[in-house]
Amino acid sequence: MPRVRVLLLNAALGPLDYRGDAEPGSVVVVPLGPRQEMGVAWEAERLPANEIDEARLRPLLQVLDSPPLPAPLRRLIEWTSDYYLAPLGAVLRMALPSTSALGGARIVTEYRPTGLVPDRMTPQREQALERIVGRQGLVGELAAAAGVSDAVVRGLVKTGAIEAVEVSTDHPYPRPDPDFHVPVLEAAQAEAAEALRASVRERAFQPFLLDGVTGSGKTEVYFEAIAEALRQGRQTLVLLPEIALTEPFLQRFTGRFGCEPVAWHSGLRQSQRRRAWRAIAEGEARVVVGARSALFLPYPNLGLIAVDEAHETSFKQEDGVHYHARDVAVMRAKLEEVPVILASATPAIESRHQVTLGVYKELKLPERFGGAEMPAIEPLNLVSDPPPRGRWLAPRLVEELQGNLEAGEQSLLFLNRRGYAPLTLCRHCGHRFQCPNCTAWMVEHRFTARLACHHCGHVMPVPRMCPECHEEESLVACGPGVERIADEVAALFPEARTAVVTSDTIWSPAKAAEFVARMESGEVDIVIGTQLVTKGYHFPNLTLVGVIDADLGLSGGDLRAAERTFQQIRQVSGRAGRGEKPGRVFIQSHDPDAPVIDALVRGDVEGFYEAETDARREAAMPPFGRLAAIIVSSEKEADAKEAAARIGRAAPSVDNMIVLGPAPAALAMLRGRHRLRLLVHASRSIPLQDILRDWLGGVEWPKSVRVAVDVDPYSFL
Ligand code: ADP
Ligand code: ZN
């Protein structure tokens, strides 16, 4: 009797055998106890399972008609699970959309507002109609967007204020045209583009590090590789670090190829997700742009992967499966036997090291496109020339902003801190507002008049009186966030038009598009933003950049603190002077002689990387050595401590490996869970994953405890 091994989407279960027949990769529905579960048929020889008697095998219920997951993707899922010590089912889940997207009708009913006002208006109906302007989606999606119950939305459908629309989830996407608008490339661009095109034609694995200064035309260059993949009839995946960057990307892509690529991100409606997934799985979607999650989709005919802003640490996923999308992208390219392009103006030390080893090919674009100059960078010493008390902009920066306003040019102030102030305290008794669930201060947000925890999302209204000593009007904000800088700018330049750009204001591609349009039409004079504005954007009239606090990222013992500061400030500097007018950058610092600041000011990229790389080599830190973190957490402090201690005691003694901890994590409490960390530091020569698996496999802990392994960690909280 035929039997088939099935990997279920359920992370808690291993592979199971069923009676029936299905090609490896087929999406199937199987019985599990009284329930039905979705899974994927797998090669039995690759996934060991418990032998089950022929007689006890239950039958497959259904083989879905969606395309099977291709073999290279199945190998990628195995690799990811193995490398990052994640359950196979959890990795598999990233490759499949929801069940409803796979089977069922090809026509779905969605709803949208008609503009009619219902005869009977209630506050809830009013709120719903206000918030769903221009939206369309399932009843549940609209209800969620409006913050009301499904019943309210259904009620509005009855009144005619919302109407039903039939949406076909299968109508085809337009095909990008590789010859729609071919740019004339400069010499260095043309050379890099040719190397990429040749590699696409060759159809072999080859990673490229496309290392070009900001504004050098990296995007134009990798677009040529995409054009080649299109001519070959193959698919391309472009990974971006943030969905906020999707919108400018879509615009540029349309300019080059005549239509938009297929976008994949968390903001898609269910019908859009279904349509995109099927088009991808059938090979119809030729170019897909997305965040990390687009990496595990079932492209049957991949010809190229591009990772833009490849140095960005947001490619590292910090919950669920802890994987690094950049590294998994390279592995996928290897399994698919296609080239992969890592584009960056500030490559990670890890990526540069791969060039040194001869694994990655380096393509350099040393100059800005069209003869634009790199901006001049000047440090501003906050010790010798501080801002007035209670202010954060140094006198010189204020002068420069004034001059830029008068010249009708745009400016950008960068501070990587959301909200108004990072800490609020009572000036009477010293009480500080701490999150009840996390080891973190509550951050004041004046726009919403709330205190918010940036780790768990806990919010509370800003109280009028101190909860400790009951003194009224005694709360003071300590330190600046972007909102406070915006206040200062408004006080200094009441006539200036400002925009605050953070994840609080730009939380969807549509919001990003709005911001881009305002910048381009010159409706904004001064942008105040977090790391969200440091990358990707191209505003030719933006000529002045001020870094409010260059020291911010340097405190704390993070392995990559200096590298990240260097990257961030170089990126944000790269927003200045991208057009015909030259740019100027001012960096405020208490320690302008610090090596990072000095390297930035002198533009000494090679010197900086060399010093950092040497330091990493000395300390045997990545990429020369390896790290893995083990995070033990529980709502019960004693359980967490006890489990962490047990794991610590069970640590194997292995040459070239040391285990630090357990110790309370920097975020000793997060979302109500007490956390301890162990950090494993090992040489590259030992099989770290096997050791971790054996080690953790031999320790038991109570159900209340969660143990997460973070291989190649980027966050040390
Ligand atoms: P990077 O990604 O390296 O920062 P971009 O690709 O954004 O640089 O290019 C900077 C600007 O120069 C963009 O507006 C881009 O359209 C333009 N550009 C670059 N190369 C060319 C070219 N060969 N022809 C026309 N415009 C170009
Ligand atoms: Zn919290």
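We count ligands from 1, going down the list as the structure has it; atoms in each ligand are counted the same way. Quantities reported herein were computed from a predicted structural model and do not represent experimental measurements.
Electrostatic pairing of Arg352 and Glu606 counts as a salt bridge here, judged by a charged N lying under 4.0 Å from a carboxylate O. Taking a cutoff of 4.0 Å between a charged side-chain nitrogen and a carboxylate oxygen, Asp179 and Arg231 qualify as a salt bridge.
Put simply, no part of Gly212 is less than 4.0 Å from ligand 1, judged by heavy atoms. Under a 4.0 Å heavy-atom criterion, Val213 is in contact with ligand 1.
Under the 4.5 Å side-chain criterion, counting only non-hydrogen atoms from C-beta, Thr236 is not in contact with Leu230. When side chains are defined from C-beta on, Arg578 counts as touching Arg368, because their heavy atoms get closer than 4.5 Å.
Scanning the protein for heavy atoms near atom 2 (O) of ligand 1, the closest one is Thr219 OG1, 3.2 Å. Here the heavy atom of the protein found nearest to atom 22 (C) of ligand 1 is Phe369 CE1, 3.1 Å. The shortest contact between atom 16 (O) of ligand 1 and any protein heavy atom is with Glu220 OE2, 2.8 Å. Here the protein heavy atom with the shortest distance to atom 20 (N) of ligand 1 is Gln189 NE2, 2.9 Å. The protein non-hydrogen atom at the shortest distance from atom 8 (O) of ligand 1 is Gly217 N, 3.0 Å. Ranking protein heavy atoms by distance to atom 4 (O) of ligand 1, first place goes to Gly215 N, 2.7 Å.
Between Phe433 and His431, the two ring planes are perpendicular [angle over 60°; tilted spans 30° to 60°]. Between Phe257 and Phe223, the ring-plane angle classifies as perpendicular under the 30° and 60° cut-offs.
Atoms of ligand 1 lying under 4.0 Å from at least one heavy atom of Leu185, given by number and element, are 23 (N). Near Val184, the atoms of ligand 1 lying under 4.0 angstrom from a non-hydrogen atom of the residue are 22 (C), 23 (N), 24 (N). In summary, the atoms of ligand 1 found under 4.0 Å from a heavy atom of Thr214, numbered by their order in the structure, are 4 (O).
Separating the CZ atom in Arg671 from the SG atom in Cys456 is a distance of 7.5 Å, to the nearest 0.5 Å. Note that CZ of Arg706 and CZ of Arg675 are 10.5 Å apart. Values are rounded to the nearest 0.5 Å.
At a heavy-atom distance under 4.0 Å, no atom of Arg368 approaches ligand 1. The residue Leu365 has no part lying near ligand 1, judged by heavy-atom distances below 4.0 Å.
In this structure, of Lys218, Arg252, His538, the residue bringing a heavy atom nearest to atom 7 (O) of ligand 1 is Arg252.
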For this session: Please assess Asp525 against Ser411 for the test side-chain hydrogen bond (donor to acceptor under 3.5 Å, both in side chains), listing each intermediate value before the final yes or no.
Result: CA-CA 6 Å; Asp525 300 309; Ser411 308; over 6 Å; no
Problem set entry | Derivation and outcome, salt bridge (charged side-chain N to carboxylate O under 4.0 Å, His left out), residues Lys641 and Glu637 | CA-CA 6 Å; Lys641 278 189 168 154; Glu637 188 174 8; 3.6 Å; yes
For this session: Show the numbers, then the answer: is there a side-chain hydrogen bond (donor to acceptor under 3.5 Å, both in side chains) between Gln571 and Thr346?
Result: CA-CA 8 Å; Gln571 289 287 341; Thr346 52; 3.0 Å; yes
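Distances between N or O atoms of Pro183 and those of ligand 1 include no value under 3.5 Å. Residue Ser216 has at least one nitrogen or oxygen atom sitting less than 3.5 Å from a nitrogen or oxygen atom of ligand 1, judged on distance alone.
Between the side chains of Tyr222 and Asp308, at least one donor-acceptor pair of N or O atoms lies under 3.5 Å.
Partner Arg256 forms a side-chain hydrogen bond (donor to acceptor under 3.5 Å, both in side chains) with one of Glu224, Glu220, Gln251 and no other, that one being Glu224.
Taking distances strictly below 2.8 Å, the protein N/O/S atoms close to the Zn ion (ligand 2) are Cys435 SG, Cys438 SG, Cys453 SG, Cys456 SG.
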Expected list for residues 434-441: side-chain donor-acceptor pairs under 3.5 angstrom, two or more places apart:
from   : atom 1 : to     : atom 2 : distance (Å)
Thr439 : OG1    : Ala668 : N      : 3.2
Thr439 : OG1    : Met669 : N      : 2.7

